Each structure stands twice: as C-alpha cells, then as structure tokens.
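A short worksheet on the structure shown next.
Letters A, B, ... mirror the listed sequences (proteins, then strands); counts begin at 1. The structure displayed is predicted, hence computed values, not measured ones.
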Amino acid sequence: MPHYQAVKGARDIFPEEMARWKYVEGVIHSIAALYGFSEIRTPIFEYTELFQRGIGSTTDIVGKEMFSFQPDPQGRSITLRPEMTAGVMRAALQKNILSSAPVHKLYYISELFRKERPQAGRQRQFSQFGAELLGVSSSAAVAEVITLMMQLFESLGVHSLCLRINSLGDTEDRLRYRSALQSYFAPYHDQLDDSSKERLEKNPLRILDSKNPAMQELVAGAPRLYDYLSASAVAEFEKVLFYLSERSISYQIDYRLVRGLDYYSHAAFEVTSPALGAQDAIGGGGRYDGLARELGNASDLPAAGFAVGMERLLMTMEKQGLFTTLNPQGPLVCVVTQQQELEDHAMQIAWRLRKAGISTETDLASRSMKAQMREANRMRAAYALFVGAEELSTGLYSLKNLLTSEQTTLSLDAVIEILREPLLREQVRS
RNA sequence: GUGAUUGUAGCUCAGUUGGUUAGAGCGCCAGGUUGUGGCCCUGGAGGUCGGGGGUUCGAGUCCCCUCAUUCACCCCA
C-alpha cells in the first residue's frame with residue numbers, strides 16, 4: 001500500500017477511462033443543444049445557509065452529509081456543494097436573469113460532494129449532469145426535461161431503465177396529506193422504527209419510501225397522497241403523463257415516490273438502472289416552483305429539472321457493454337532510432353512532423369530500438385519512421401507501415417505528404 | 001453513523017496442522033535478432049506479507065488494536 005491514497009470516496013480517472021467520459025460528455029452537450037439548453041458553471045462551494053434553506057434542514061443531505069467549514073473564525077460557514085439546483089437557482093436570482101428573458105434553460109456537468117460511506121455507485125465526490133428549466137411552471141416544462149433526459153439515455157444506447165413518476169401536489173395538498181398521514185401512523189407509533197418516528201414529526205412523507213419491510217407493511221395501508229391532490233394538480237399530472245405517452249416514453253406511476261429533497265412539488269420522478277447495485281437511481285428530478293421563494297425571493301420562480309449521476313451512467317454503460325468500440329487513438333507515427341547520437345536528430349524530425357500537424361511520438365528515455373518498436377506497437381501507432389546514419393546521409397527515411405509491415409524509403413517531405421492524408425488513420429487502424 | 005468483508009510483487013491471486021531463502025500467471029525490463037514491433041524461447045528487476053503490539057524457540061499463518069478496501073443498511077445521483 002502506498003503511503004498516500006486518494007481521499008476516501010474520491011477517485012482518479014486515468015486516460016483509458018477518460019475517453020469514455022469525453023464521449024458521454026460530448027453526447028450530453030449535443031443533446032442539451034438540441035433542446036436549447038446552455039451550459040452554466042457555478043462555484044464549487046456556497047454559503048451553508050443556501051443549502052439549509054434550499055434543500056431543507058430535515059433532509060439527510062443537510063443533516064449529516066455536508067462538507068462544511070469556516071474559512072475564518074468570524075466568517076460565515078461555507079459548504080462544498082452537495083447538489084446543484086440550489087446553486088443554479090441562487091445564480092439565476094443573483095443575476096436576475098428572468099428580467100432579460102422570461103425562460104432560461106440551463107445545464108451543467110459538475111462535481112458534487114457528500115459525506116457518506118462509499119459503496120457501489122456512491123462516492124463522496126461524484127458528478128452529475130443536470131438541466132434546469134427556469135421561468136415556466138407547467139406540465140410541458142416537466143415533460144420537456146424528462147424527455148431530454150430519456151433521449152440522452154437512448155442516444156447512448158442505455159436500455160432497460162425504469163422511469164417512475166408521482167405527483168406531490170402543491171403546498172396545500174401536501175399539508176392536508178401530511179396531517180392525514182400523521183393521524184394514520186399515530187396508533188402505530190410503537191411499531192415505527194427510530195428514523196420513521198423522527199420523520200413522523202418532521203417530514204412524514206419520507207416514511208413512505210422507507211425500505212424497512214416492517215415499515216412497508218404499515219405504509220401499504222396508509223392513505224395515498226394522490227387521493228389528496230386538488231383537481232388542478234391531478235389535471236397537471238395527467239398532462240405530464242399524456243406528453244410522455246405521446247413521446248413513447250414508458251413510465252410507471254409510483255404513489256410512494258416522494259424523493260428526499262424538500263423543494264419538489266407536483267411531478268417528481270426517478271430513473272433506476274437494473275445494471276447497478278443497491279444504489280440504483282441513475283437520475284431523478286421534478287418541479288420546484290417554491291424554491292426561489294424559499295431562498296428569499298419576493299415571488300415564486302417556477303422551475304423544473306433533473307440530475308443524472310455520471311458515474312452511475314458510466315457504470316451502467318460499462319455493464320451493458322456500450323464502450324467496446326471506444327478505442328483510444330495512438331499517435332500516427334513513432335520516430336525510432338538506434339544510435340544514441342542520433343536522438344537529437346530524431347527529436348528534430350518529430351518536431352517537424354508535429355509542426356506539420358502529424359501526431360508523433362519519439363523515445364525520450366534512450367531505450368533500445370527493440371523497446372521503441374515495442375512501444376510503437378503498444379500505443380497502436382500506424383507507422384514507424386527510422387532515423388539512422390544511412391538516412392541522415394541520404395536524406396531518405398524508412399517509413400514502415402506497422403500493420404502491413406511494408407517499408408518504403410522516402411524524403412521527409414514525401415513522408416509528411418503521405419502522413420497528412422486525413423483518411424489514412426482509418427484505413428490503417430480500422 | 002451501524003453491520004459485514006477483504007488486505008501477500010504494478011495487476012489477478014496461491015501460500016498446507018505456525019517451520020529454513022514467500023511463489024505463480026499476466027505486466028514490466030533485457031537478451032536470443034550488434035538497424036526493425038506483435039508470436040516464441042531464455043533471463044532479470046520488483047515484496048516493510050496494510051501498520052502497531054502480543055503469544056511462541058519460530059508468525060504471511062494464531063490473538064488484540066489500528067488503518068485502509070469492498071459490499072450492505074440509512075439515504076441518494
């Protein structure tokens with residue numbers, strides 16, 4: 001074991017894996033553009049109150065999972081962001097972007113931090129792709145972000161996902177339901193587990209998605225939130241379902257889906273992946289019309305959005321074998337030399353090739369010719385260019401096609417001419 | 001925060017009831033081919049056996065503590 005290791009729950013991404021990230025990120029950028037979303041970056045930390053107010057102080061995230069610290073004794077507490085929505089909303093309100101246009105569509109791919117015990121599909125530093133549609137409060141907006149998310153999965157070839165959706169109604173609906181739940185559970189108080197007892201007081205809705213089998217039994221007989229929705233909330237929800245059906249997006253209504261963040265209202269959804277372990281949520285989101293007011297804004301700023309766990313997405317793709325065609329590109333040519341006196345000349349040639357726009361490698365470690373050739377082969381170079389005394393005197397170099405083993409003798413200008421041919425790489429290494 | 005699991009070479013792992021100098025495969029390096037890669041053959045480098053303490057004539061092996069890993073709970077992406 002090396003003396004220093006990465007911090008618990010944090011990991012390194014090496015070049016082989018990086019290729020996958022680049023690929024997925026590329027697809028994300030183009031699909032976001034397709035739907036008219038623009039990228040935003042916000043600070044990696046925020047004042048702690050932002051998350052306490054935005055996410056909700058009764059949530060697990062705020063209660064026990066935040067990395068918080070105080071830069072100076074008198075100063076305000078700062079927190080490494082555990083999610084993105086609060087920060088994006090803060091940025092939008094701070095700049096008052098709605099005054100420039102009534103609707104804003106923003107997306108991000110960002111690093112998040114949560115102080116949890118790491119396990120399969122869960123790290124302390126992780127990243128999410130997310131989109132926020134600000135300024136419109138409608139079923140159409142929710143449907144649009146869900147559609148965007150599902151199209152991303154489809155474009156990547158991810159399959160067998162399960163989209164579950166529910167409506168949490170508006171604030172009044174939830175208040176009425178909340179007291180109904182409390183009176184339902186009250187007689188069972190002794191049978192509740194510790195966390196459910198606590199939730200009964202603070203946030204009874206959360207008892208619904210408890211995984212404890214004993215709790216689930218009790219929950220089965222509990223009143224349904226759906227029955228407490230106002231007529232308009234039901235209509236809105238059905239409109240969302242209509243849009244989804246119309247776009248051939250299959251879903252499953254889950255009346256017990258409540259999600260852990262306080263800011264959701266009306267539609268809330270979650271996508272799970274069968275390829276993951278116990279932590280199988282690959283994405284989730286909903287509507288959060290009241291968040292802006294919660295953050296001190298004078299009026300509501302209607303909004304809808306989602307977040308997709310990048311690591312979980314990549315993990316699912318890996319499991320589903322979607323990366324097999326992704327081969328890292330090697331250099332086009334390796335400049336190889338035998339005599340050490342010619343090293344400088346070889347590097348000079350490598351420089352000239354690179355100036356000509358040809359990706360080139362050369363040995364910097366004074367290794368044997370055999371080692372250099374082995375290296376060229378390992379990095380899947382298409383060609384080797386030999387630099388020796390003979391070449392130096394004649395000005396003609398030996399260019400070897402490493403796939404066909406054919407070798408020709410050419411002037412450097414001719415070599416550059418050949419290697420510049422753009423389609424060459426595909427022909428050589430298909 | 002709770003529970004369980006696993007720590008031996010760069011990687012994947014062997015290592016008998018405690019017994020001399022801790023092994024294999026792959027990878028890496030070199031040679032076979034003194035100017036030519038992949039395949040093959042030969043050789044080489046590389047290990048505080050996670051760390052600390054204890055038991056013992058003797059510990060990779062047994063005991064305690066500790067650190068780390070992984071999985072699960074909780075909850076979430």
Side-chain angles (χ1 to χ4, degrees), chain A residues 1-9 11 55 58-65 82-85 109-130 149 193-196 198-199 203 206 209-213 215 257-261 269-273 276-285 305-316 330 334-339 342 346 365 367-392 397-407 409:
Chain A
M1 276 292 112
H3 205 273
Y4 286 107
Q5 291 184 67
V7 169
K8 183 202 289 289
R11 53 188 290 269
I55 303 172
T58 64
T59 61
D60 284 0
I61 293 179
V62 172
K64 55 181 189 186
E65 296 172 5
E83 58 105 52
M84 279 297 285
T85 302
I109 300 174
S110 299
E111 310 291 306
L112 271 27
F113 304 86
R114 263 129 82 161
K115 197 167 57 190
E116 301 181 272
R117 268 292 255 285
Q119 73 183 78
R122 183 159 69 194
Q123 305 161 218
R124 288 181 160 193
Q125 179 181 336
F126 62 103
S127 50
Q128 289 184 344
F129 155 56
M149 180 177 70
D193 59 27
D194 288 346
S195 71
S196 295
E198 203 182 321
R199 288 175 189 168
N203 195 345
R206 297 267 312 285
D209 58 10
S210 172
K211 281 183 193 162
N212 183 336
M215 293 305 102
L257 178 73
V258 293
R259 301 190 53 77
L261 286 69
F269 53 90
E270 190 168 293
V271 178
T272 52
S273 161
L276 298 174
Q279 309 305 320
D280 62 351
I282 194 173
F306 68 82
V308 168
M310 293 292 288
E311 287 80 3
R312 292 183 186 178
L313 176 58
L314 282 267
M315 218 177 285
T316 299
C334 280
V335 179
V336 169
T337 187
Q338 170 78 25
Q339 295 109 306
L342 293 172
R367 296 156 77 199
S368 69
M369 191 167 203
K370 184 181 182 126
Q372 292 178 56
M373 287 301 287
R374 196 166 39 226
E375 188 67 23
N377 198 56
R378 180 166 36 228
M379 15 191 208
R380 302 169 57 83
Y383 287 92
L385 184 70
F386 296 98
V387 175
E390 202 175 305
E391 282 81 356
L392 202 57
Y397 297 85
S398 302
L399 183 68
K400 181 173 188 175
N401 182 322
L402 291 178
L403 201 64
T404 63
S405 295
E406 285 174 273
Q407 192 163 326
T409 305

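In this structure, the separation between CE on A:Met310 and CD1 on A:Ile109 is 5.0 Å, given to the nearest 0.5 Å.
Checking A:Pro118 against A:Gln128, the closest nucleotide of RNA chain B that is more toward the 5' end is the one next to A:Pro118. Of the residues near RNA chain B, A:Lys64 and A:Val271, the one whose nearest nucleotide (by heavy atom distance) lies more toward the 5' end is A:Lys64.
Contact of A:Arg122 with B:C71 (side chain to base): no donor-acceptor pair of N or O atoms is detected under 3.5 Å. Side-chain atoms of A:Ser405 and base atoms of B:G38 include a donor and an acceptor less than 3.5 Å apart. Contact annotation: side chain of A:Gln119 to base of B:C74, donor-acceptor pair present below 3.5 Å. Scanning atom types as modelled, no donor and acceptor separated by under 3.5 angstrom connect the side chain of A:Gln372 and the base of B:U36. Donor-acceptor pairing under 3.5 Å, judged by distance alone, is present between the side chain of A:Lys370 and the base of B:G32.
Distances shown here put a side-chain N or O of A:Lys8 below 4.0 Å from the OP1 or OP2 atom of B:U69. In this structure, A:Arg367 does not reach the B:G37 phosphate: none of its side-chain N or O atoms is under 4.0 Å from OP1 or OP2. The shortest distance between the side-chain N/O atoms of A:Ser368 and the OP1/OP2 oxygens of B:A30 is below 4.0 Å. Remark: A:Arg117 is not in phosphate contact with B:G3, judged by side-chain N or O atoms under 4.0 Å from OP1 or OP2.
Here A:Gly130 lies out of heavy-atom contact (under 4.0 Å) with every strand. Across all strands shown, A:Glu390 has heavy atoms under 4.0 Å from base atoms, whether or not it also approaches the sugar-phosphate. Within 4.0 Å (heavy atoms only), A:Gln123 reaches at least one base atom of the nucleic acid. As judged by a 4.0 angstrom heavy-atom cut-off over every strand, A:Gln407 is placed among the base-contacting residues. Residue-level contact check: A:Arg312 touches the bases, meaning some heavy atom is under 4.0 Å from a base atom. Heavy atoms of A:Gln125 sit nowhere under 4.0 angstrom from any nucleic acid atom.
Listed for the A:Arg124 side chain is no donor-acceptor partner under 3.5 Å among the backbone atoms of A:Arg117. Using modelled atom types, no side-chain atom of A:Thr272 and backbone atom of A:Asp280 make a donor-acceptor pair closer than 3.5 Å. No donor-acceptor pair closer than 3.5 Å links the side chain of A:Glu116 to the backbone N or O of A:Glu65. A:Glu311 contributes a side-chain N or O that, together with a main-chain N or O of A:Ser127, makes up a donor-acceptor pair within less than 3.5 Å. When atom types are taken as modelled, the side chain of A:Arg312 and the backbone of A:Gly121 share a donor-acceptor pair closer than 3.5 angstrom.
Atom-to-atom, CZ of A:Arg378 to C1' of B:C28 comes out at 8 Å; the value is rounded to the nearest Å. In this structure, CE of A:Met369 is placed 17 Å from C1' of B:G31, rounded to the nearest angstrom. The interatomic distance linking A:Met373 (CE) with B:U33 (P) rounds to 18 Å, in whole Å. Per the geometry, CD belonging to A:Glu116 stands 16 Å off C1' belonging to B:U70, to the nearest Å. Between the CD atom of A:Glu65 and the C1' atom of B:C73 there is a distance of 13 Å, rounded to whole Å. B:G10 atom P lies 14 Å from atom CD of A:Gln5, rounded to whole Å. Taking atom CG on A:Leu342 and atom C1' on B:G35, their separation rounds to 11 Å, with Å as the unit. Whole-Å rounding puts the A:Glu270 CD to B:A77 C1' distance at 9 Å.
Nucleotide B:C11 forms a pair with B:G25, judged by Watson-Crick or G-U wobble geometry with both contacts under 3.5 Å. Partner assigned to B:A59 is none, using Watson-Crick or G-U wobble distances below 3.5 angstrom.
When the C1' atom is compared between B:U55 and B:C67, the two are found 23 Å apart, to the nearest whole Å. B:G50 and B:U70 are spaced 15 Å apart, taking the C1' atom of each and rounding to whole Å. Using P as the reference atom, B:G25 and B:U36 are 29 Å apart when rounded to the nearest Å. Annotation: B:C13 and B:C71 have their P atoms spaced 14 Å apart (nearest Å). The same atom, P, is picked in B:C49 and in B:G3; the two are 29 Å apart, to the nearest Å. Rounded to a whole angstrom, the distance from the P atom of B:A45 to that of B:A22 is 14 Å. Between B:G15 and B:U6, the distance separating the two P atoms is 14 Å to the nearest Å. Using atom P as the reference point in both B:G18 and B:U61, the two lie 11 Å apart (nearest Å).
Proximity note for A:Asp60 (side chain, C-beta onward) versus B:C74, B:C73, B:U36: the nearest is B:C74. Looking at the side chain of A:Ala371, the nearest of the listed nucleotides B:G37, B:A30, B:A72 is B:A30.
Evaluation of A:Phe126 against the base of B:A77 yields a stacking contact (centre distance < 5.5 Å, interplanar angle < 30°).
Listed here is the closest heavy atom pair of A:Thr316 and A:Ser273: OG1-OG, 3.0 Å.
In summary, of the residues considered (A:Met379, A:Lys400, A:Met373, A:Glu375), a side chain to side chain contact (heavy atoms under 4.5 Å, CB included) with A:Cys334 occurs for A:Met379 alone.
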